Amino acid sequence: MKKITVCRLCSACCPIEVEVSEGVLIGARRITAFERVITCPKLQNAKSIVYSKERILKPLLRDSLKEDFKEVSWQEALNFIAEKTQSIVEKNGPQSVALLRGMAADWGTPWDYAVRLMSALGSPNALGNGSVCFVAREMAHTYTYGAMTIPQVKDSKCIVIWGKNDRNTAPTMAEGIIYAKDKGAKLIVIDPVKTFFADMADIWLRVKPGHDGILAMAMIKVILEEGLFDREFVFKWCLGLDKLESVISKLNLEDASLKTGVPLDLIQKTAREYATSKPACIIDGNGLDMQLDVFNTTRCVSILRALTGNIDIVGGDFLPQPIPLRNIQLKDKVSNVPSVMQNYPLFERFHPTWGLHGQSSLIDSIIDEKPYPVKMLFVQSGNPVVTMMDSNRVKKAFQKLDCVVMIDPFMNKTSHFANVILPACTCFEKTQINRAYIRHCFIMLQHKVIEPLGESKSDIEIVFEIARALGLNDYFPWNSVEEALDYQLEPTGLTIDALKENPSGIWYERPKERKFIEKGFKTPSQKVEIFSERLSQAGYDPVPYSSGFPQNLIGFAKENLSFIGISGERVTPYTHTQFRRIEELRKLDREPYVDINFEDAARLEIKREDLVRVSTPKGSIEMKARLTDLIPSGVIRIAWGWGEESELWNLNAITDDLERDPVTCTPPGRSFCCSVEKVDK
Ligand SMILES: Nc1nc2c(c(=O)[nH]1)N[C@H]1C(S)=C(S)[C@@H](COP(=O)(O)OP(=O)(O)OC[C@H]3O[C@@H](n4cnc5c(=O)[nH]c(N)nc54)[C@H](O)[C@@H]3O)O[C@H]1N2
Ligand SMILES: Nc1nc2c(c(=O)[nH]1)N[C@H]1C(S)=C(S)[C@@H](COP(=O)(O)OP(=O)(O)OC[C@H]3O[C@@H](n4cnc5c(=O)[nH]c(N)nc54)[C@H](O)[C@@H]3O)O[C@H]1N2
Ligand code: SF4
Ligand SMILES: [Mo]
């Protein structure tokens, strides 16, 4: 039997068709409207993931980290959690209990219930990893024009891909780009690496890692000086053009070209092409995240969209029309309890339905006990001791905790610090609504296609179980996940049954252009805020770089290390640290490499497959070298996600977590200075 649902093996959330026979998942394929189809090896091997021998199928428990885990009943595991929580809350208050989320359970409805659990308990500390993923960028968009835009590639005449590698990370978007390019759209790629799309681009800007903010400012300068901006839109809808002009008057274009490594004529050509080919869109990605300057950089990119009048038009960058799900996070209940994120007040309050996304603040408060100690941690769908910057610091924090409860289908490196592991089921075994489908107009249910294996449960059900064990039943009155989702759906007039009857999804409403004409932008001034009073009052740059360009754009810059290390390609067989023990996927990508340019390799006498050591003030890792011209001289690309297999392969063993973007708490895990040497056998 064929069933339609959503894949959540990575955050791309592709619609898929799953073949099920007698309750067993046999195979799956992506559903796409485009002719040129990109296949996904993870999905093709979904069966091996779901039925992997490594799945945890019963709760695991141990009193102390010195003991081995024992399989126990759900009741026993929940009793243990309830006792621990109670004693820690009595001694240290509910705020000393926190929840840390990775990305795998999704930022849609599963996240809502996790935040609700913490709120009901009285803790404001439900933290996600958005400071390194997309939420830092989302805040920069939002502070500029009210929401994070959605690039409308299909109808675009000019597509700018800025720090994104959709070919590997978002196949539906990649298919859309190929479609538009086939129809004649111009393609501009801004990436230090010659990616799949850089290779086919009309213009490729090989920017020096971490220097995108200066590049964007240089493009802004060209557009303003040459009068290429959309006067009508800018004069009517934008606030602070004069202040922007004053900041860019201090920018010297030759100097910007030197700093970014991009020839001036190419910066000018790009600015002219983007500004004069309407409609044009910009896809910004994770290449701008995990940078010390992510907020100002993304603000500049957002301002480019506004200056060219490409906001909320077909073929440009659409403002989202979110599906109005009921907000059930109960954040009002804890609004008077200070969170661990007080040093980042705007990011802390940024989004009404987000939890907190400065996960590094949590590590601070465990280690420094400020503003108070955190003693107990729930870790849901994450592997923070490998995926957070500076793994050794993270481990130090985990060692200090009194109790760690994990919610995960598999063991990972973070499990070494856990007292309890509650078996979560995989995406094929549960029903939920993902963020991708509540963001804009179209809603599609991720509907379970097989029953949960063993005693595993869905993330939402696990939250229900914990809540009941903690005596928080009043806050979780629902008899089933579907009943709870129906309650969330109520303001939309939709139900889970209606979504099930339309498994390919429902258009809640049709996308509308230029919504701002009626309602203004969702900013305090209802205008596009090139100048932001909110930022000014909080002591941040009201116009990007009004206080000058920061001294350090990439981590460890002061240490005088001669290479810039960048975080490696996200290869298609894996999602972050996941799936390396799935034989079929491992065959496709056996081991991690450091990619190094031919010139640098020759200078350092490094040959293909030689072992190299990459070091920073934090430590060293060792991987084999792969010689390439995909990356520029002076830059190395270090394979990402392999820390789950070996500490010697753990990229975050050498990254820093203390230097951060002042607005969004973002540490520099994307690019940082390092040294490279051949390891003598
Ligand atoms: N240096 C560096 N650091 C990075 C990055 C980088 O590129 N470079 N990338 C950053 C980014 S963007 C992100 S999003 C983070 C990712 O950080 P994490 O979210 O910590 O990464 P994963 O390795 O995907 O870990 C996911 C865990 O969730 C489990 N899991 C899978 N599905 C489910 C489910 O349905 N429910 C539950 N409960 N668990 C599930 C998996 O078994 C796995 O243990 O890493 C960040 N860290
Ligand atoms: N296969 C696979 N797919 C995934 C994931 C996965 O782990 N595996 N993870 C999912 C998650 S959580 C996320 S957040 C997304 C991320 O997906 P993307 O946003 O596509 O992020 P990356 O693949 O890391 O690609 C970022 C691009 O930025 C470039 N880059 C690096 N440094 C810089 C810089 O300083 N400036 C510029 N302009 N570019 C730079 C890199 O070379 C790379 O091409 O992918 C999702 N999809
Ligand atoms: S890219 Fe692959 S793993 Fe990610 S959601 Fe799509 S089908 Fe699933
Ligand atoms: Mo991410």
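These figures come from a predicted structure and were not determined experimentally. Ligands are counted one by one from 1 in listed order, and the atoms in each one are counted from 1 as well.
For the ligand labelled ligand 1, residue E644 lies outside the 4.0 Å heavy-atom shell. Note on ligand 1: R101 sits outside its first shell, no heavy atom being nearer than 4.0 Å. Ligand 1 is approached by P409 to a heavy-atom distance shorter than 4.0 Å. Taking 4.0 Å as the cut-off, K430 counts as a neighbour of ligand 1 on heavy-atom distance. Heavy-atom distances between M411 and ligand 1 stay at or above 4.0 Å for every pair. The shortest heavy-atom distance from C425 to ligand 1 is under 4.0 Å.
If you look at W107 and H357, their ring centroids are closer than 6.0 Å. Ring pair Y179/F34: centre-to-centre distance below 6.0 Å. The aromatic ring centroids of Y574 and W640 lie 6.0 Å or more from each other. Taking the six-membered ring for Trp, Y113 and F464 have ring centres closer than 6.0 Å.
At a heavy-atom distance under 4.0 Å, only side-chain atoms of R570, from C-beta outward, approach ligand 1. Counting heavy atoms under 4.0 Å from ligand 1, residue S381 touches it through both backbone and side chain. Heavy atoms of S11 found under 4.0 angstrom from ligand 3: none, in either backbone or side chain.
The nearest N, O or S atom of C10 is closer to atom 4 (Fe) of ligand 3 than 2.8 Å. Residue C40: no N/O/S atom is found under 2.8 Å from atom 8 (Fe) of ligand 3.
Ion pair D390/K618 flagged as a salt bridge, since at least one NZ, NE, NH1 or NH2 atom sits closer than 4.0 Å to an Asp/Glu carboxylate oxygen.
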